[in-house]
Peer 1: 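Here it is: the structure, laid out below.
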There are 2 protein chains.
Amino acid sequence: MAITKEKWIIMLRAAGLKVTPIRIHILELLAKDHQLLSIEGIHSSLKKGTADFVTVYRCIRKFEEVGILTSVALGDGLIRYELREDTHSKDSHHHHHLICRICKVVELIQECTIKQIPPWLKKLGYSELDHRLDFFGVCPKCQRAA
Amino acid sequence: MAITKEKWIIMLRAAGLKVTPIRIHILELLAKDHQLLSIEGIHSSLKKGTADFVTVYRCIRKFEEVGILTSVALGDGLIRYELREDTHSKDSHHHHHLICRICKVVELIQECTIKQIPPWLKKLGYSELDHRLDFFGVCPKCQRAA
DNA sequence: CTATAAATGCAATTTATTTGCATTTATAGA
DNA sequence: TCTATAAATGCAAATAAATTGCATTTATAG
């Protein structure tokens with residue numbers, strides 16, 4: 001645990017942000033099983049009274065600004081957040097998702113089919129390239145329920 | 001124009017929805033350049049007074065429910081919508097995006113590197129499979145501005 | 001043409017997000 | 001270790017976003 005905590009501290013410092021208990025908690029929460037969480041989900045998962053709703057909003061906004069987090073929409077009107085893992089570096093936990101359109105369950109997919117930046121993409125002159133690949137479908141459980 | 005309008009009518013009917021002028025307008029709007037639009041963007045792009053805000057909300061929700069639309073988060077807290085194109089059928093306008101993290105400009109990418117459903121994905125038993133692949137980066141313009 | 005279920009607009013409500021400000025906390029430098 | 005200061009936090013209040021109820025209109029099956 002302490003070893004990963006160290007990681008968050010380095011990450012926050014690198015982003016020019018102060019290291020606070022709340023921020024560490026939020027990052028630990030998101031790192032756990034690479035969860036996708038909404039603001040509401042983050043707030044309620046923190047131990048009761050740990051952080052004000054406003055503070056969660058502000059932390060998330062800041063994290064997203066500096067690129068620690070990315071956001072996803074799963075089609076229920078909520079924005080969810082997850083830790084951003086560098087897609088084109090070897091030692092990251094970069095992964096994809098398989099998401100059930102009905103129940104929103106998320107399965108992690110470790111295999112990445114896009115190992116390198118495609119040449120046609122390089123030509124466009126964008127920097128700090130990254131990608132996100134998600135599969136959507138209806139999970140076996142929801143198929144049976146239908 | 002009439003020829004594409006026909007397409008929306010078929011699409012709405014297939015989804016069990018009534019065909020109304022507002023719905024056609026919204027679909028035409030989203031089809032134009034395969035735009036990504038927020039609720040606010042959709043409402044303001046419709047000719048003034050064409051539709052109430054509430055109606056836009058209700059249409060979008062319905063469209064998403066029946067799978068006509070999908071939603072995307074670009075990291076500014078807004079949810080944007082686009083027409084859903086079947087990824088694994090030949091005659092769709094399926095495409096990917098290259099999105100600037102700073103200014104949110106969206107470039108369409110016609111090439112799809114994921115031509116078929118990967119075998120390991122098939123094994124998981126999900127139906128109605130689909131995928132979404134987006135690249136993120138900083139566009140040349142924003143690089144110069146930085 | 002008519003009946004009916006769905007869609008729409010408007011007003012009002014509820015929920016989500018942001019802002020202002022006083023207080024606390026992290027951290028760079030003495 | 002202590003201190004100054006800039007950032008982070010909590011609370012109250014304000015603003016904005018999304019939903020609901022209901023009366024009215026509209027699309028469509030028969």
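Order of the sequence lines sets the chain letters (A, B, ...), proteins ahead of strands, with each chain counted from 1.
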Peer 1: Can you tell me if R101(B) uses its side chain to pair, donor with acceptor, with the backbone of V138(B) under 3.5 Å?
Peer 2: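 Such a contact is absent between R101(B) side chain and V138(B) backbone.
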Peer 1: Which heavy atom in L46(B) sits nearest to a heavy atom in T50(B), and how many Å separate them?
Peer 2: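 Closest approach of L46(B) to T50(B), heavy atoms only: C-OG1, 4.0 Å.
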Peer 1: How would you summarise protein contacts on nucleotides 12-20 of chain D per nucleotide, using B for base, S for sugar-phosphate only and - for none, with heavy-atom distances below 4.0 Å?
Peer 2: B----SBBB
Peer 1: Donor-acceptor pairs under 3.5 angstrom involving side-chain atoms of residues 74-83 of chain B: please list them, not counting sequence neighbours.
Peer 2:
unit_1	atom_1	unit_2	atom_2	d
D76(B)	OD1	L78(B)	N	3.2
D76(B)	OD1	R80(B)	NH2	3.0
D76(B)	OD2	R80(B)	NH2	2.2
E82(B)	OE1	H97(B)	NE2	3.1
E82(B)	OE2	R132(B)	NH1	3.1
E82(B)	OE2	R132(B)	NH2	3.1

Peer 1: Could you tell me whether a side-chain N or O of H43(A) sits under 3.5 Å from a main-chain N or O of A51(A), the two making a donor and an acceptor?
Peer 2: yes
Peer 1: From NE2 of H43(A) over to P of dA16(C), roughly how many Å is that when rounded to an integer?
Peer 2: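 In whole Å, dA16(C) P and H43(A) NE2 are 12 Å from each other.
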Peer 1: Does T50(B) reach a base, just sugar-phosphate, or nothing at all? Heavy atoms under 4.0 Å.
Peer 2: sugar-phosphate
Peer 1: Tell me: CD of E64(A) to P of dT18(C), nearest whole Å?
Peer 2: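 Atom CD in E64(A) sits about 11 Å away from atom P in dT18(C).
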Peer 1: How close or far is atom C1' of dA6(C) from atom CZ of R23(B), stated in whole angstroms?
Peer 2: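 Checked: the CZ to C1' distance equals 8 Å.
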Peer 1: For nucleotides 24-27 of chain D, which of its nitrogen or oxygen atoms have a protein nitrogen or oxygen under 3.5 Å away, and what is each distance?
Peer 2:
unit_1	atom_1	unit_2	atom_2	d
dA27(D)	O3'	V19(B)	O	3.4
dA27(D)	N3	K18(B)	NZ	3.2

Peer 1: Would you name the heavy atoms of C59(B) and I26(B) that are closest together and state the gap between them?
Peer 2: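 Scanning both residues, the minimum pair turns out to be CB-CD1, 3.8 Å.
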Peer 1: Tell me which donor-acceptor pairs under 3.5 Å the side chains of residues 13-22 of chain A have, and how far apart each pair is, sequence neighbours excluded?
Peer 2:
unit_1	atom_1	unit_2	atom_2	d
T20(A)	OG1	R23(A)	N	3.3

Peer 1: Do S71(B) and E64(B) have side-chain atoms, one donor and one acceptor, less than 3.5 Å apart?
Peer 2: yes
Peer 1: Can you name the residues that form a side chain to side chain contact (heavy atoms under 4.5 Å, CB included) with S45(A), not counting sequence neighbours?
Peer 2: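 Once residues adjacent in sequence are excluded, the partners of S45(A) under the side chain to side chain contact (heavy atoms under 4.5 Å, CB included) criterion are L29(A).
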Peer 1: Is it the case that the side chains of Y126(B) and E107(A) hold a donor-acceptor pair, with the cut-off being a distance below 3.5 Å and no angle test?
Peer 2: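 The answer is yes; a qualifying pair exists.
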Peer 1: How long is the line joining CG of L17(A) and C1' of dA6(D), in whole Å?
Peer 2: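 Rounded to whole Å, this separation is 13 Å.
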Peer 1: Output the rounded distance in Å from CG (L46(B)) to C1' (dG9(C)).
Peer 2: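 Distance check: L46(B) CG to dG9(C) C1' gives 15 Å.
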Peer 1: Please report the closest heavy-atom contact between G125(B) and P140(A), naming both atoms and the distance.
Peer 2: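 Shortest heavy-atom separation between G125(B) and P140(A) comes out as O-CG, 3.7 Å.
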Peer 1: For DNA chain D, list all stems, counting runs of three or more consecutive pairs where every pair is Watson-Crick or G-U wobble with both distances under 3.5 Å.
Peer 2: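 Correct response: C:1-30 with D:1-30.
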Peer 1: Measure NZ/K62(A) against P/dA6(D) and give the value in whole Å, please.
Peer 2: 15 Å
Peer 1: Would you confirm whether H96(A), through its side chain, and D134(A), through its main-chain N or O, come within 3.5 Å as a donor-acceptor pair?
Peer 2: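 Not confirmed, H96(A) side chain does not pair with D134(A) backbone.
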